[in-house]
Number of protein chains: 2
Amino acid sequence: MASRSSPRSVPSPQGELSPVDGLVQLSFLIQNALARRAAEHDLSLIQIRLLGVLRDREPNMNELAKLLELDKSSVSGLIDRAERRGLVGRVPSRADGRVVLVRLTDEGRALASKVAPRLEADVAKILGLLPATASEALTSGISRLLIAHAGEQRASL
Amino acid sequence: MASRSSPRSVPSPQGELSPVDGLVQLSFLIQNALARRAAEHDLSLIQIRLLGVLRDREPNMNELAKLLELDKSSVSGLIDRAERRGLVGRVPSRADGRVVLVRLTDEGRALASKVAPRLEADVAKILGLLPATASEALTSGISRLLIAHAGEQRASL
DNA sequence: TATTGTTATACTCTATAACTATA
DNA sequence: TATAGTTATAGAGTATAACAATA
């Protein structure tokens, strides 16, 4: 899988940085950290997400498409590739002959268990660049923001 | 360009959220907002970044590859597609016959000018979910983090 | 010879549309 | 007929390796 995207980052903050630019750059910083670590294991971000989703679920293709917000045909391909690598397996549903369940293989679970803590550590390290009080304040702000955003989303349904 | 990725998001925060998860989810939230808006104009994130980079620069292919942290062959393809859409142009350097300069066309500049404020507004809106004091604290934390990270990067060279 | 850029090739990821099989 | 999933097809985006042109 030599064509896996290589790690990449984004222009460093230079001079004055608007709040908006700050958020955007932070998002690139985090995503790049994740992608870089994932690439070490020859995984893309979407594959990492797939492994994460399957750690505590055994969804069918349709549910997986909703969870990942992809078209069902995209999920077919995603699972094809993951299956080819031995990370997941397709299991026919016994309740409904049309349905295919997707589950992690032992190998997939092992990989997920190996990579997840490293991803955590990467992000934790970035957060650790700040002194404890600042880091806690930042984390608290982010939590509030995410909660507010989740509320917004719910309200708009 | 019917195959452009559609907007997509990520699981909402549920229950307890670790600092690391918070940062990761925030990054997905921002990236999705950007991608969603970009998709409205049939642009991908990398194309948006390209337009942004070219707004105040006229780099050659090599410099562009460094700015975007892509392989030069990837940039060739990226510019091919953007050129085909009339967004950028290749200009041979007069100083060095090997060099090709890339610049926005009027159309590319117009598009960049139209999209940029919308992207800003999207992110500003997310930030606006917090009360002013919390939002300012968050922004300040992010700035400090980015500055610290930039310092790290420099130190490790 | 070294550098700049393109091309050939291959693979992932994504979508739309058409299809098959089951309900 | 409706639903679940796959397949055919197309295109963006990425990389490596080989190449051509210029310095």
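The chains referred to below are lettered A, B, ... by the order of the sequence lines, with proteins before strands, and numbering in each begins at 1. Since the structure is predicted, the reported quantities are computational estimates derived from the model, not experimental observations.
- Between A/I79 atom CD1 and C/dT12 atom P there is a gap of 14 Å when expressed in whole angstrom units.
- If you check D/dA17, D/dG13, C/dA23 against the side chain of B/Q47, the one that comes closest is D/dG13.
- Checking C/dT12, C/dG5, C/dT16 against every side-chain atom of A/S73, the shortest atom distance belongs to C/dT16.
- Residue A/R81 has no polar side-chain atom (N or O) positioned under 4.0 Å from OP1 or OP2 of C/dC11.
- Within the 4.0 angstrom heavy-atom criterion, only backbone atoms of the sugar-phosphate kind lie near A/G97; the bases stay farther away.
- Residue order along DNA chain C, read from the 5' end via each residue's closest nucleotide, puts A/V75 first among A/R98 and A/V75.
- Rounded to a whole Å, the NZ atom of A/K72 is 13 Å from the P atom of C/dA18.
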- Does the pair B/R103 and B/V88 meet the rule for a side chain to side chain contact (heavy atoms under 4.5 Å, CB included), with working shown? CA-CA 6 Å; B/R103 68 156 68 129; B/V88 308; over 6 Å; no
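- Electrostatic pairing of B/R90 and B/D80 counts as a salt bridge here, judged by a charged N lying under 4.0 Å from a carboxylate O.
- Atom CG in A/L68 sits about 13 Å away from atom P in D/dG5, given to the nearest Å.
- In this structure, of D/dA4, C/dA15, D/dG5, it is D/dG5 that holds the atom nearest to the side chain of A/M61.
- OP1 or OP2 of C/dT14 has not a single side-chain nitrogen or oxygen of A/S74 nearer than 4.0 Å.
- Distances shorter than 4.0 Å separate some side-chain N or O of A/R90 from OP1 or OP2 on D/dT6.
- Applying the 6.0 Å contact sphere to CG of B/D106 captures no more than 12 heavy atoms from other residues, nucleotides or ligands.
- For the pair B/I48 CD1 and D/dG13 P, the computed distance is 11 Å after rounding to whole Å.
- The phosphate of C/dG5 (OP1 or OP2) has a side-chain N or O of B/N60 nearer than 4.0 angstrom.
- Positionally, the nearest nucleotide of DNA chain D for A/V100 lies more toward the 5' end than for the other of B/D71 and A/V100.
- Rounded to the nearest 0.5 Å, atoms CD1 (B/I126) and OG (B/S135) are 12.0 Å apart.
- The interatomic distance linking B/R85 (CZ) with D/dA12 (C1') rounds to 11 Å, in whole Å.
- Atoms CD1 (B/I46) and C1' (C/dT12) sit 16 Å apart, rounded to a whole Å.
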- Item | Chi angles and distances behind the salt bridge (Lys or Arg N to Asp or Glu O under 4.0 Å) call for A/R37, A/E40 | CA-CA 5 Å; A/R37 182 65 73 180; A/E40 280 180 15; 3.2 Å; yes
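- Put simply, CD on B/E83 is 15 Å from P on D/dG13, counting in whole angstrom units.
- Contact annotation for B/N62: backbone-only contact, meaning every heavy-atom pair under 4.0 Å involves sugar-phosphate atoms and none involves a base.
- Which of D/dG5, D/dA15, C/dC13 sits closest to the side chain of B/L70 comes down to D/dA15.
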- Message: One pair to check against side chain to side chain contact (heavy atoms under 4.5 Å, CB included): A/L87 and A/L54. What are the steps and the verdict?
- Response: CA-CA 10 Å; A/L87 302 177; A/L54 295 179; over 6 Å; no
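- Across the interface with DNA chain C, nearest-nucleotide mapping of A/L45 and A/D96 shows A/L45 to be the residue nearer the 5′ end.
- Taking atom CG of B/D80 as the reference point, atom P of D/dA15 lies 15 Å away to the nearest angstrom.
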